[in-house]
Amino acid sequence: MSAPRPAVNPPNVQSYCHLFYISDSQQAQIERLQALIVQHHLPIVLNTERLHDKVTQKRRQQLSQTFSVPILVLDQKDKLSWLSDGLSVAPEWDKLQRRVVSAGRKSELLLQAAKVTADSRVIDATAGFGHDSLILASTGAQVTMLEQQPLMALLLLVEQQRMSAQPNWQKLMSRLQIVNTDALSYFATLQADITNATKAIDVVYLDPMFPEDSYQDSKTGKGAKVGKHMQALHQLASPPTLDEERQLLQHAQAIVRDSDKQGRVVVKRPQLAPSLANQPPNESWHNEAVRFDGYFV
């Protein structure tokens, strides 16, 4: 990838974020936002400012160019989004309702690869916007969502809180646990905590960042386009190095070793990308755009 690897804030170092809101009636929502930051120990300092004009696309572009810190926008519809290069992005889990309701192994390659059931315990080690976590949890499985970037973790927590207010989403939301941490640190904590022996992890799911051109054929240049959510994530993080890929895979495999079932690590890759850490999987499932590699333990 052409962009340099971003500096990762050391533990307990605060990151600043600017929140724009539209109306004074949104103060209660802002207070809930601040409460989530405190409750989950997110290293975020949130500065707030009221906008006195509509949040048009032109206005979004102006805000993006004016501020060097991450920008959140609470718009006229009380929707919280992250402003990335003039694009507003948010988890928007409600837009996945039809897919979540109909999710099954026939329609979802991820479920074919993960083979989770209602009693499975899953770690989504690279949660992102949480879309794949919803599919995994739709089976009844308990899913722990790890997200290293505090801003992304906040967006996930806000979305979980928002969707929990809708009766038909409450059971699904109760099966999700969102943790702001990096995967390797969390894996190390699990391995060190012997009390987790009775709560074995059955599946670890990895969807690490990869170069933006990974979706394209290197010879023809053809391939799937990168959506705005993926474009936004590339603003926060860069693909792991080969050594980091090796560590991720090795530690993930160690975590699922104590599963009562066949523990497995499932890795999402662009269809044309090499295997994670150049390690051949035991089995793969793919369509024209993506591939799910399974590593069985």
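All values below come from the heavy atoms of this structure, side chains included, with hydrogens, waters and symmetry mates left out.
The two residues E92 and K79 come nearest to each other via the heavy atoms OE2-NZ, 2.6 Å. A273 and R291 make their closest contact through O-NH1, 2.9 Å (heavy atoms, listed as atom of the first residue, atom of the second, distance). Between L176 and S133, the shortest heavy-atom distance links the atoms CD2-O, 4.1 Å. Contact record, I44 with Q14: N-OE1, 3.5 Å, taken as the closest heavy-atom pair. The minimum heavy-atom distance linking W285 with A113 is given by the pair CE3-CB, 3.4 Å. Among all heavy-atom pairs drawn from A183 and L248, the shortest one is CB-CD2, 3.8 Å.
Not a single donor-acceptor pair under 3.5 Å links the side chain of W169 to the backbone N or O of Q97. Looking only at distances, a side-chain donor or acceptor of T139 sits under 3.5 Å from a matching main-chain atom of L136. Side-chain atoms of R175 come within 3.5 Å of backbone N or O of A137 as a donor-acceptor pair. Between the side chain of Q57 and the main chain of G86, a donor-acceptor pair closer than 3.5 Å is present. Side-chain N or O atoms of E244 include one that pairs as donor or acceptor with a backbone N or O of T241 at under 3.5 Å. Using modelled atom types, one side-chain atom of S164 and one backbone atom of Q160 make a donor-acceptor pair closer than 3.5 Å. Panel note: side chain S84, backbone L87; no donor-acceptor pair is recorded below 3.5 Å. At least one donor-acceptor pair closer than 3.5 Å links the side chain of Q112 to the backbone N or O of R105.
For the atom pair OG1 (T66) and CD (Q61), the distance works out to 10.5 Å, reported to the nearest 0.5 Å. Taking CG of D24 as the reference point, atom CD1 of I30 lies at 8.5 Å (rounded to 0.5 Å). The distance from the CZ atom of F129 to the CG atom of L134 is 13.0 Å, given to the nearest 0.5 Å. If you take CD1 on I37 and CD on Q34, they are separated by 5.0 Å, rounding to the nearest 0.5 Å. Atom CD1 of residue I178 and atom CE of residue M152 lie 10.0 Å apart, to the nearest 0.5 angstrom. Separation of atoms CZ (R99) and CD1 (I135) is listed at 4.0 Å; rounding is to 0.5 Å.
Looking only at atom types and distance, the side chain of R60 has no donor-acceptor partner in the side chain of Q62 under 3.5 Å away. With 3.5 Å as the limit, one finds no donor-acceptor pair spanning the side chains of T126 and D207. A donor atom on one side chain and an acceptor atom on the other are not found under 3.5 Å apart for S64 and D85. With 3.5 Å as the limit, one finds no donor-acceptor pair spanning the side chains of S120 and K115. Judged purely by distance below 3.5 Å, without hydrogens or angles, the side chains of Q26 and D78 pair a donor atom with an acceptor atom.
Contact check on D119 versus K261 returns a salt bridge, with a Lys/Arg side-chain nitrogen under 4.0 Å from an Asp/Glu carboxylate oxygen. Using a cutoff of 4.0 Å between basic side-chain nitrogens and carboxylate oxygens, R162 and D94 are scored as salt-bridged. At a threshold of 4.0 Å, the pair R269-D293 does not count as salt-bridged, since none of the basic side-chain nitrogens sits closer than that to a carboxylate oxygen.
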Could you please spell out the steps behind the side-chain contact (heavy atoms from CB on, under 4.5 Å) verdict for Q271 and N287? CA-CA 7 Å; Q271 163 64 350; N287 57 28; 5.7 Å; no
Report the C-alpha separation of R121 and D260 in whole Å, then their side-chain angles, then the decisive distance to 0.1 Å, and conclude whether the salt bridge (charged side-chain N to carboxylate O under 4.0 Å, His left out) test is met. CA-CA 11 Å; R121 293 176 59 84; D260 296 331; over 6 Å; no
The test is side-chain hydrogen bond (donor to acceptor under 3.5 Å, both in side chains); show your working for E49 and Y21 and say whether it passes. CA-CA 6 Å; E49 181 180 341; Y21 62 100; over 6 Å; no
Passes side-chain hydrogen bond (donor to acceptor under 3.5 Å, both in side chains), S275 versus N278? Steps please. CA-CA 5 Å; S275 300; N278 292 326; over 6 Å; no
Check step by step if side-chain contact (heavy atoms from CB on, under 4.5 Å) holds for L74 and Q29. CA-CA 9 Å; L74 194 56; Q29 197 169 345; 3.2 Å; yes
Test side-chain contact (heavy atoms from CB on, under 4.5 Å) applied to L111 and F292, step by step: CA-CA 10 Å; L111 297 184; F292 293 94; over 6 Å; no
Take L146 and I123 through the test side-chain contact (heavy atoms from CB on, under 4.5 Å) and record every step on the way to the result. CA-CA 7 Å; L146 310 183; I123 294 176; 3.8 Å; yes
Intermediate values then yes/no, side-chain hydrogen bond (donor to acceptor under 3.5 Å, both in side chains), Y205 and D132: CA-CA 9 Å; Y205 176 55; D132 288 336; 2.6 Å; yes
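At a threshold of 4.5 Å between non-hydrogen side-chain atoms, the residues H40 and L157 count as touching. Contact check for V179 versus Q177: side-chain heavy atoms found under the 4.5 Å cut-off. Within the 4.5 Å cutoff, no side-chain heavy atoms of Q166 are placed close to those of M173. Side-chain contact between L249 and Q279: present, with at least one pair of heavy atoms (C-beta onward) separated by less than 4.5 Å. When side chains are defined from C-beta on, Y295 does not count as touching E283, because their heavy atoms never get closer than 4.5 Å. In this structure the side chain of I201 never reaches within 4.5 angstrom of the side chain of V122, judged on heavy atoms. The shortest distance between side-chain heavy atoms of V100 and S138 falls below 4.5 Å. Counting only heavy atoms from C-beta outward, the side chains of V204 and D124 never approach each other to under 4.5 Å.
Within a 6.0 Å sphere centred on CZ of F296, heavy atoms belonging to other residues, nucleotides or ligands number more than 12. At most 12 heavy atoms of other shown residues, nucleotides or ligands fall within 6.0 angstrom of atom NE2 in H286.
By the criterion of side-chain heavy atoms lying less than 4.5 angstrom apart, applied directly or through intervening Ile, Leu, Val, Met, Phe, Trp or Tyr residues, V158 is grouped together with L96 in one hydrophobic cluster. Hydrophobic clustering, with ILVMFWY side chains joined whenever heavy atoms are under 4.5 angstrom apart, keeps I22 apart from L72. Following chains of ILVMFWY side-chain contacts shorter than 4.5 Å, one can reach V290 starting from V203, so the two form part of one hydrophobic cluster. Using a 4.5 Å cut-off between side-chain heavy atoms of Ile, Leu, Val, Met, Phe, Trp and Tyr, with links allowed through other members, L151 and I71 fall into different hydrophobic clusters. Taken together through direct or relayed side-chain contacts under 4.5 Å among Ile, Leu, Val, Met, Phe, Trp and Tyr, V89 and V55 form parts of separate hydrophobic clusters.
For H18 and F20, the ring centers sit closer than 6.0 Å to each other.
In this view, A153 and L42, E147, N180 satisfy the side chain to side chain contact (heavy atoms under 4.5 Å, CB included) rule, not counting sequence neighbours.
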